[in-house]
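Here is the structure we will look at, set down as structure tokens.
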Amino acid sequence: MGVKHSYCELSYFHVTKLSRGKGVGRELFSAVKKVAKGMERDKLYIGAHPSVETISFYKSMGCTLAEEMNQEIYLREPLDIQLECLL
């Protein structure tokens, strides 16, 4: 994805309510980043649910607003916040 094919999409990422606040999300996100690096990508692309908790998590993981908007992902969920994370 992206002009330079530098993005890897993180399609679904969910931690159950009982597991939240225990570092599970951070561990999973770190694992996802390693896999994406192994795919020779530079960034993760995330269409994130616009809840305060979700956006706060992704910001704490170093995500920022996506530099490139993926139209297909945006059209699937137009209320999502389009984010990216450098690997």
Transitively linked via ILVMFWY side-chain contacts under 4.5 Å: [X] with [Y]?
{"X": "Val52", "Y": "Ile55", "answer": "no"}
{"X": "Val15", "Y": "Leu83", "answer": "yes"}
{"X": "Met39", "Y": "Leu10", "answer": "no"}
{"X": "Tyr45", "Y": "Leu87", "answer": "no"}

Do you know the tightest heavy-atom contact between [X] and [Y]?
{"X": "Pro50", "Y": "Asp80", "value": "CD-OD1, 3.9 Å"}
{"X": "Glu84", "Y": "Lys43", "value": "OE2-NZ, 3.4 Å"}
{"X": "Cys85", "Y": "Cys63", "value": "CB-SG, 3.6 Å"}

Legend entry - Results of salt bridge (charged side-chain N to carboxylate O under 4.0 Å, His left out) for Arg20 - residues two or more places apart only: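 Per chain and number, Arg20 pairs via salt bridge (charged side-chain N to carboxylate O under 4.0 Å, His left out) with no residue.
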
Could you state the interatomic distance from [atom1] ([X]) to [atom2] ([Y]), rounded to the nearest 0.5 Å?
{"X": "Glu9", "Y": "Glu72", "atom1": "CD", "atom2": "CD", "result": "8.0 Å"}
{"X": "Tyr7", "Y": "Arg41", "atom1": "OH", "atom2": "CZ", "result": "12.5 Å"}
{"X": "Gln71", "Y": "Ile73", "atom1": "CD", "atom2": "CD1", "result": "10.5 Å"}
{"X": "Met61", "Y": "Ser56", "atom1": "CE", "atom2": "OG", "result": "13.0 Å"}
{"X": "Cys8", "Y": "Ile46", "atom1": "SG", "atom2": "CD1", "result": "10.0 Å"}

Inset, instruction - Check whether any side-chain heavy atom of Leu65 lies under 4.5 Å from a side-chain heavy atom of Ile81, and answer yes or no. - result: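 In contact.
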
Which atom pairs, one a donor and one an acceptor, fall under 3.5 Å between side chains of residues 24-33 and the rest of the protein, sequence neighbours left out?
{"from": "Arg26", "atom 1": "NH2", "to": "Ser60", "atom 2": "OG", "distance (Å)": "3.3"}
{"from": "Ser30", "atom 1": "OG", "to": "Arg26", "atom 2": "O", "distance (Å)": "3.1"}

Inset, instruction - I would like to know whether Lys59 and Glu53 meet salt bridge (Lys or Arg N to Asp or Glu O under 4.0 Å); could you show each step before the answer? - result: CA-CA 10 Å; Lys59 281 186 175 183; Glu53 296 84 2; over 6 Å; no

